[in-house]
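Before any comments, here is the structure.
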Amino acid sequence: MSVEMTGPLLSSDPEVARILGDELDRQRTTLQLIASENFTSPSVIAATASVLTNKYSEGYPGRRYYGGNIFADEVEDLARERVKALFGAEHANVQPHAGASANLAVYLGLAEAGDTILAMRLDQGGHLTHGSPVSITGKTYRFVSYGVTPANEEGTGERIDLDLVRDLARRERPRIIVAGTTAYARIIDPKPYREIADEVGAIFMFDAAHPAGLIAGGVHPNPVGVADVVTFTTHKTLRGPRGGAILCNQEHAKAIDGAIFPGLQGGPLEHVIAAKAVAFREASQPEFRDYAQRVLENARALADALSKEGFRLVTGGTENHQVILDLRSFDEGLTGKVAQEALDRAGITCNRNQIPDDPRSPFVTSGLRLGTPAETTAGMGVNEMATIAKLMGRVLRNVEDEGELARVREEVRGLCQAFDPYPDTK
Ligand code: DSN
């Protein structure tokens, strides 16, 4: 159990302290391969756990509805300035509680209910807030969806179908065109989207939730200044606290700010905004560029090694922090659900994911999504990626052999011991 991280809870609420200690232990002794997760620094955790959690700050710096906001103003201004400098943006809103509220705020601020929005299909790599019928986005706006090109032997398929984006944009004349994915292992160039948006007079929104840290680290093209609005989460590759942010040009600043507050949210989480400020500073350091580069190298190494184990890589490889596996080439009968659960028992944490044209439901799936941001933060490199691929192969060839899963679990524990994300915490 962590003495430093649970501190006063140990005596005041040992039940919660025990759970938090166990979670820290889980994060330290199992492999974190969920592409949207990371290990924040102790400084980010300290800011998140600060007394700013006590403060109500509805409004924006200098225009609050409650008194006592001098330091909330200071920290929110600092976060805004840092993130604008990091990405080269004209305007920033750092209040979104999550990526979902950031995306919804863009629709709320820049479109009317019922307007047409063009975005990527969830089952081909998009996101719930890109118009899934079960999301408020799909219920409120008229979404038209694009997807990826068919798979092919050469591994040049399963790429965003820009011809389809253009055709649909010409036909549907959307108010907003959305770029961005949650399960897609390739670079997304914002320029073709810009050209299409200009041709049809649409607003161009780039959801950079996944690549935000890669953009900050200079290994993915920056959509800021190309897109009209860029949304992202702060906790994935960017390695900050859980939350969202929106960057835009001045033209849209008022509409975006009004959509977040009072449109969608009440009081901002100023303690989380303080932690975002810390993360934005960390991401502006030269070491972060090196980190982003290593995230990519590790993803490539993991993809290569998994391919040698017999897994088909969706899109044939990776150019970012993700590796998407088609399990059917490895074992026709193995579902993403069974694979994820067996890997979990062996201490390898990842998530099942639909792959393009998946015959199985989103709850079962034929794919797995892996990511390297967290274990790269912990210090792992290409050799460890090769080891992880072999361990995954062993697990997925023996999903019903609890003895083999237990043996892998112990090897995982040994590997993790050498790469503790919180070495100074007991
Ligand atoms: N849940 C996030 C992810 O895992 O990519 C997207 O919101």
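One-based numbering, in listed order, for ligands and for the atoms of each.
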Next item on the list: Quick one: closest heavy-atom pair of His235 and Arg242, and the distance?
Entry: ND1-CA, 3.3 Å
Margin query: Under 4.0 Å, counting heavy atoms only: does His210 come that close to any atom of ligand 1?
Written below: yes
Checklist line | Atom indices of ligand 1 within 4.0 angstrom of Thr182 heavy atoms, with elements | finding: 5 (O), 6 (C)
Check: Any salt bridge (Lys or Arg N to Asp or Glu O under 4.0 Å) pairs touching residues 124-144, not counting sequence neighbours?
Finding: Arg142-Glu172
Note to self: As an exercise, identify every atom of ligand 1 less than 4.0 angstrom from a heavy atom of Ser36.
What the structure shows: 3 (C), 4 (O), 5 (O)
Item checked: Region of Gln322 that comes within reach of ligand 1 [heavy atoms, distance under 4.0 Å] -> neither
Notebook entry, point to check: Using the ring of each side chain (for Trp, its six-membered ring), is Tyr193 parallel, tilted or perpendicular to Tyr146, with breaks at 30° and 60°?
Noted result: tilted
Check: In terms of ring plane angle, is the pair Phe288 and Tyr291 parallel, tilted or perpendicular, where the classes change at 30° and 60°?
Finding: tilted
Checklist line | is_close_aromatic(Phe206, Phe232), centroid dist under 6.0 Å | finding: no
Note to self: Any protein heavy-atom neighbour for atom 1 (N) of ligand 1 (distance below 4.0 angstrom)?
What the structure shows: no
Check: How far is atom 7 (O) of ligand 1 from its nearest protein heavy atom, and which residue and atom is that?
Finding: His127 NE2, 2.7 Å
